[in-house]
Amino acid sequence: MKIASFNINGIRARIEALSDWLAAAQPDAVVLQEIKTVDENFPRAHFEDLGWTVETHGQKGFNGVAILSKLPLEDVMRGLPGDETDEQARYIEATVIGDRAVRIAGLYLPNGNPQPGPKFDYKLAWMNRLQARAKTLRDTEMPVVMLGDFNVIPETRDAARPEVWVDDALFQPESRAALRRIELDGWTDAIRIRDPHGQRGPFTFWDFQGGAWSKDNGIRIDHMLLSPQAADLLCDAGVDREVRAGEKPSDHVPVWVDLAA
DNA sequence: ATGGTTGTCGAACAA
């Protein structure tokens, strides 16, 4: 079962780019972030006509997540538990029925800039809620993949120019520690585990500004965390870097895992 | 040089 994540940065501007990548990469299920639309305006029929089951959790103008799947989905859950007052659409879960049932959690973690400030406080509080949800999912002992745009640069080697990120919410010690705490509860970074001693990236985001892509001034912020039972099924994982060079690209590229499931 | 780019939406805001 191939499961992918793609921060699409506006679904309606990216219908062609997403369709092309889906045809080439052939994932079984994909979580999308920053669809930037309400559910009613998601191009649902376009993707259903291509054979995808579509589940959305949208929001006007900003944020918004979705799942596309070629396999049956069960038990779809929208919103991250832990704060009834949180109205931002950043989280969606479902069970994908392949040879095995795999729970997937698609997430768009708050950016948190500028820091310090209320947006950074919201980011850290959201990460605490994510840790609580992650423990609940881990304790089901199902294979679970939590994946998406985490908006956290885990380590110095995950940025081409770490020095320019030192004041950014994505690289604050508090952000990095919060991600590390989640991982230490039993989650495996699917990209890192494939190359534990890699010295650079692989990057998943290059800013639209300043010619970041042409300079390969990237960061690794799109992650896939595997529960122990999912890690046991890991066959392969990767970053589809070449997508960033395509027509009207998102600023992020897809990441994916292949599980024996 | 206090800049640069993109999407949504239709004036700013978020990233």
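Chain letters run A, B, ... following the sequence lines, proteins first, then strands; residues in each count from 1.
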side-chain contact (heavy atoms from CB on, under 4.5 Å) between A:Glu155 and A:Arg192, intermediate numbers included: CA-CA 11 Å; A:Glu155 299 181 62; A:Arg192 183 62 84 221; 3.5 Å; yes
Once you round it to whole Å, what is the distance between [atom2] of [N] and [atom1] of [X]?
X        : N      : atom1 : atom2 : answer
A:Lys36  : B:dA12 : NZ    : C1'   : 13 Å
A:Lys60  : B:dC13 : NZ    : P     : 15 Å
A:Asn7   : B:dT8  : CG    : P     : 12 Å
A:Asn63  : B:dT6  : CG    : P     : 21 Å
A:Asp207 : B:dA14 : CG    : P     : 17 Å
A:Asn9   : B:dA15 : CG    : P     : 11 Å

Comparing A:Gln59 and A:Gln88 on DNA chain B - which has the more 5′ nearest nucleotide: A:Gln59
N or O in side chain of A:Lys119 less than 4.0 angstrom from B:dA14 OP1/OP2: yes
Less than 3.5 Å apart, which donor and acceptor atoms pair up between the side chains of residues 254-261 of chain A and the rest of the protein, not counting sequence neighbours?
from	atom 1	to	atom 2	distance (Å)
A:Trp256	NE1	A:Asp240	OD1	3.0

Sugar-phosphate only, base, or nothing, as touched by A:Gly210 at under 4.0 Å among non-hydrogen atoms: nothing
Sugar-phosphate, base or nothing in reach of A:Tyr108, heavy atoms under 4.0 Å: sugar-phosphate
Measure from the side-chain heavy atoms of [X] and tell me the nearest of [options].
X        : options                : answer
A:Arg14  : B:dG7, B:dT5, B:dA14   : B:dG7
A:Asn111 : B:dA14, B:dA15, B:dG10 : B:dA15
A:Phe208 : B:dT5, B:dA15, B:dG10  : B:dT5

Heavy-atom side-chain proximity of A:Leu226 to A:Ile193 below 4.5 angstrom: no
Pairwise P distance for B:dA1 and B:dA12, with rounding to whole Å: 29 Å
Residue A:Asp121 excluded, over 12 heavy atoms near CG under 6.0 Å: yes
